[in-house]
**Q** 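Here it is: the structure, laid out below.
To find a chain, count down the sequence lines: A is the first, B the second, and so on, and within it residues start at 1.
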Number of protein chains: 2
Amino acid sequence: MKTDCHNCPLRKLDLFDPMSKDEVHFMSKFKTGEFVAQPGTEILAEGASSSQLYTALDGMGLRFKTLENGSRQVVGFILPGDFIGLQSGVMGEMQHSVEATTRMTMCVFNRSELWDLFKYQPRRAFDLTHVAATEEYLLGEALAAVGQMDGYAKISWVLNRFFRRLTALGLNENDQVPLPYRQQDIADAMGLSLVHTNKTLAKLREDGVATWANDTLTVHRPKMLAENAFERGTRLRTRPLI
Amino acid sequence: MKTDCHNCPLRKLDLFDPMSKDEVHFMSKFKTGEFVAQPGTEILAEGASSSQLYTALDGMGLRFKTLENGSRQVVGFILPGDFIGLQSGVMGEMQHSVEATTRMTMCVFNRSELWDLFKYQPRRAFDLTHVAATEEYLLGEALAAVGQMDGYAKISWVLNRFFRRLTALGLNENDQVPLPYRQQDIADAMGLSLVHTNKTLAKLREDGVATWANDTLTVHRPKMLAENAFERGTRLRTRPLI
DNA sequence: TTCCTGCTATGTCACAGTTAAATGCGGACC
DNA sequence: GGTCCGCATTTAACTGTGACATAGCAGGAA
């Protein structure tokens, strides 16, 4: 049951830049298939080279690095529309692992055809560079949060980030968004211990700012959450969809 | 005193991927000038759009973000060969500020000609995406260090990272490399306080692993420093020069 | 129905790291 | 030569966070 690029549900969202007919046509040829990954599936492995690149169509996942001391740093959360495997595509080797958290459906592209994209579709190549720069920006934001905030601000920051991203994906119903991750995932993203993350989430709940339970994040006070996280403005920037 | 691309001193280094005659020729046309920045100069500002992009030819600088609470997160250290302003070039707006730490000489490119590079030089466009992916990788590494290491490992990690990068740039003389940054810069990169950074540097000196004084980093025990930082392998990957 | 596993929740204590303040030193400027 | 500034260093007091232990709950498997 392949999702036709011409009928891609993500393209309808304001979050993603519009695509020309020519670009859509090229992408429908560039796309070689769909891949459905079950929860826990390792989609890409750190240090490995992959012949496939992906766009997440549905479902959620994680990007993480494993340190030599065994600890895990989550370097990103994959949501619909995210591109997966760029590092393998241009550097030849993934610098982080990717794992499905829920059942995920992904559009599949062959790495061997990436060069054709650069040769024949400079606008798409430019968009790919834009996606890479966006990833860099998101990592910079995360580094700033992890490096300069205390636990309460960190948890506020990550929940606020999820809330905004999931809202922009049209997944917000009455200030509730799906959040199927574990507390350990958030802890490993923010550089906190599991216990401290749990206690901080309890504090946010007790303060009436946000509640995370049963794979659902409910934000009672969006402005307060954003302020706790030292977030300027509310607007997420649009970005290209690959 | 313009540096001719055909005689670029950086191109001689093994750290950078070779360039074809056609690529060098294109770059010498793409380059519009040289810019010399004095220490303290703000080269690019967070939130601003710039009409220029740069490659650092000589000298060192910083990339940083400022949080609403006034704290500063250093998100990168600029060394010769680093590309500056990619986010402005593809996203339209810088997500971090760039400041010169020493006197810096930079090759200047016009952002308006970036599109030509994508249209007429797909190999260079591919290299630019590679550079973006490399920045993403470096930020992921930094996030892992800041998020998962204690103070001693963090300082070891950043000094080891400098030692390797500066050695690859041919700046290592008897296990000594120039390091003209302040302790506050390192503290803001690793998410530590200035006092704790100072104490940790003292501990490394006392352990006979590394000494940083008079803008010079001396690594007495490179393997020990790398082990403290949980760094696998010794080899830095080559990358394209823009 | 029972047992096991994974995840969430809570309490207590120790300490790595922060904050505030003071001192020393070297270089630039008058 | 004296003064001022920026940076490095040190000390003391404090606290946010980690480590450890324990308990509860829900869902899946036997």
**Q** According to ring-ring contact (aromatic ring centres under 6.0 Å, His included), does anything in residues 172-200 of chain B pair up with another residue at least two apart or in another chain? List the pairs.
**A** B:Phe77-B:Tyr181, B:Phe162-B:Tyr181
**Q** Can you check the B:Leu201 CG to D:dT10 C1' distance for me, whole Å?
**A** 14 Å
**Q** Please name the residue in the list B:Val108, B:Thr55, B:Leu44 that meets the side chain to side chain contact (heavy atoms under 4.5 Å, CB included) test with B:Ile84.
**A** B:Leu44
**Q** Using a heavy-atom cut-off of 4.0 Å to chain A, what are the terminal contacting nucleotides of DNA chain C, in 5' to 3' order?
**A** C:dC7 to C:dT12
**Q** Angle between the end axes of the helix from C:dT1-D:dA30 to C:dC30-D:dG1, five pairs per end, to the nearest 10 degrees?
**A** 40°
**Q** Any chance you could measure B:Lys65, atom NZ, to B:Ser71, atom OG, to the nearest 0.5 Å?
**A** 12.0 Å
**Q** Report the distance from atom OH of B:Tyr181 to atom P of D:dA8, rounded to the nearest whole Å.
**A** 14 Å
**Q** Applying side chain to side chain donor-acceptor pair (under 3.5 Å), which residue pairs with at least one partner in residues 220-230 of chain B are found, sequence neighbours left out?
**A** B:Thr211-B:His220
**Q** Ignoring backbone atoms, test whether B:Gln183 places a side-chain nitrogen or oxygen under 4.0 Å from the OP1 or OP2 oxygen of D:dT9.
**A** yes
**Q** Rounding to a whole Å, what distance do you find between B:Trp212:CH2 and D:dA8:C1'?
**A** 11 Å
**Q** Under the rule for ring pair (Phe, Tyr, Trp, His ring centres under 6.0 Å), what residues qualify as partners of B:Phe35, not counting sequence neighbours?
**A** B:Tyr54
**Q** For B:Asn69, is the CG atom crowded, meaning more than 12 foreign heavy atoms sit under 6.0 Å from it?
**A** yes
**Q** For A:His96 and A:Gln87, run side chain to side chain donor-acceptor pair (under 3.5 Å): C-alpha distance rounded to whole Å, both residues' side-chain angles, the deciding distance at 0.1 Å, then the answer.
**A** CA-CA 9 Å; A:His96 56 262; A:Gln87 287 175 345; 3.3 Å; yes
**Q** Answer yes or no: are there more than 12 heavy-atom neighbours, outside A:Gln38 itself, under 6.0 Å from its atom CD?
**A** yes
**Q** Between atom CG in A:Asn198 and atom C1' in D:dA21, what is the gap in whole Å?
**A** 15 Å
**Q** Would you say that A:Glu99 contacts A:Asp185 through its side chain, given a criterion of any heavy-atom pair below 4.5 Å between the two side chains?
**A** no
**Q** Can you name the atoms? Protein N/O to nucleotides 17-20 of chain D N/O, anything below 3.5 Å, with the distance.
**A**
residue	atom	partner	partner atom	Å
D:dT17	OP1	A:Gly151	N	2.7
D:dT17	OP2	A:Gly151	N	3.4
D:dT17	OP2	A:His196	NE2	3.0
D:dT17	O5'	A:His196	NE2	3.2
D:dG18	OP1	A:Ser193	N	3.3
D:dG18	OP2	A:Ser193	N	3.0
D:dG18	OP2	A:Ser193	OG	2.9

**Q** Give the rounded distance in Å between these two atoms: CG of B:Leu179 and P of D:dC7.
**A** 15 Å
**Q** Just wondering, more than 12 heavy atoms not from B:Arg103 lying within 6.0 Å of its CZ?
**A** no
**Q** Looking at B:Glu68, I want to see if its CD is surrounded by more than 12 non-hydrogen atoms of other residues, nucleotides or ligands under 6.0 Å.
**A** yes
